[in-house]
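Because the structure is predicted, anything quoted here is derived from the model rather than measured. Letters A, B, ... are given to chains in the order of the sequence lines, protein chains preceding strands, and every chain is numbered from 1.
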Amino acid sequence: MTPAVRGRRLPRSFYARDVLEVAPELLNKVLVCGNRAGRIVEVEAYRGGEDPASHAYKGPTARNASMFGPPGRLYVYFTYGMHWCANVVCMPEGTAQAILLRALSPLAGLEEMRAARPAARRDRDLCRGPARLCQALGIDRSYDGADLVRPGGHRLSILDDGADPPAAPGTGERIGIRLAQDRPWRWWVPEDPNLSRADPIRS
DNA sequence: ACCGGGATGTTCT
DNA sequence: GAACATCCCGGTG
């Protein structure tokens, strides 16, 4: 058995702000999906119409619809023909900003995660990467648009368990994109072993 | 440890 | 037809 996760859900107003404000504050919050949970240790901001790398840059499409919806919901997309990735939607309805969840520190439901990710050799590999964490938590298309503030049958939410975000988070360029690569819109918990890439050495 | 290539299919041009 | 907010495996040091 894994310990129960306790904490309070964040209000919708928390998400109704610019991703550049919200993203670093998401660090150390807890993502819960059913009985599986992990602490958020790495995120990336995608800033809608201002951001050539955003799926919403060229306007609404069938795929990015939930990005244009209310804040505090999930935007889940399919990529490379086999992977799901999950984002937290920010800003009021009509403005498409979202924060990609890039890595979690596993907290609960470890047995289910291991079963869902047979390729993970160690527990630190379960949720280190945007597609890996979705695999570990069982997040797929059916979670697109899921409400984090008032969760329904999907039992998905983000909790504040009292852990503050890091006072001095790591920051750097986003990973795996071609356009707007220079914008330093990735944040992480320094030296966490579950990061999608090892924490770069800082002087 | 690090690197290179293949997998696989939706989305948009 | 190309691009893709990735991952895994098998090579070499």
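- OP1 or OP2 of C/dT6 lies within a sub-4.0 Å distance of a side-chain N or O belonging to A/Arg102.
- For A/Lys58, the side-chain atoms get nearest to B/dT13 when compared with the rest of C/dA5, B/dA7, B/dT13.
- Classified by interplanar angle (parallel below 30°, tilted 30° to 60°, perpendicular above 60°), the ring pair A/Trp84/A/Phe78 is tilted.
- A 3.5 Å limit on both hydrogen-bonding distances identifies B/dA1 as the Watson-Crick or G-U partner of C/dT12.
- Stacking of A/Arg73 on the aromatic ring of A/Tyr75 is not recorded, the 6.0 Å distance cut-off and the 45° axial limit not both being met.
- In terms of phosphate contacts, A/Arg178 brings a side-chain nitrogen or oxygen within less than 4.0 Å of OP1 or OP2 of C/dC4.
- Taking only side-chain nitrogens and oxygens, A/Arg132 comes nearer than 4.0 Å to OP1 or OP2 of C/dC8.
- When Watson-Crick and G-U wobble pairs are counted only if both distances are under 3.5 Å, B/dT8 pairs with no nucleotide at all.
- In this model, the phosphate group of C/dA5 is not approached by any side-chain N or O of A/Ser54 to a distance below 4.0 Å at OP1 or OP2.
- In the set C/dC8, C/dA5, B/dT10, the nucleotide with an atom closest to the side chain of A/Phe78 is B/dT10.
- Side chain of A/Arg117, nearest nucleotide from C/dA5, C/dC8, B/dT13: C/dC8.
- Within the 4.0 angstrom heavy-atom criterion, base atoms lie near A/Ala53.
- In this structure, A/Tyr77 and A/His55 have perpendicular ring planes: the angle between them is above 60°, well past the 30° mark.
- Distances from the side chain of A/His83 to the nucleotides C/dC7, B/dC12, B/dT8 place C/dC7 closest.
- Using a 4.0 Å cut-off between charged side-chain N and carboxylate O, A/Glu44 and A/Arg174 make no salt bridge.
- Picking from C/dC8, C/dC4, C/dA5 the nucleotide with the shortest atom distance to the side chain of A/Ala119 gives C/dC8.
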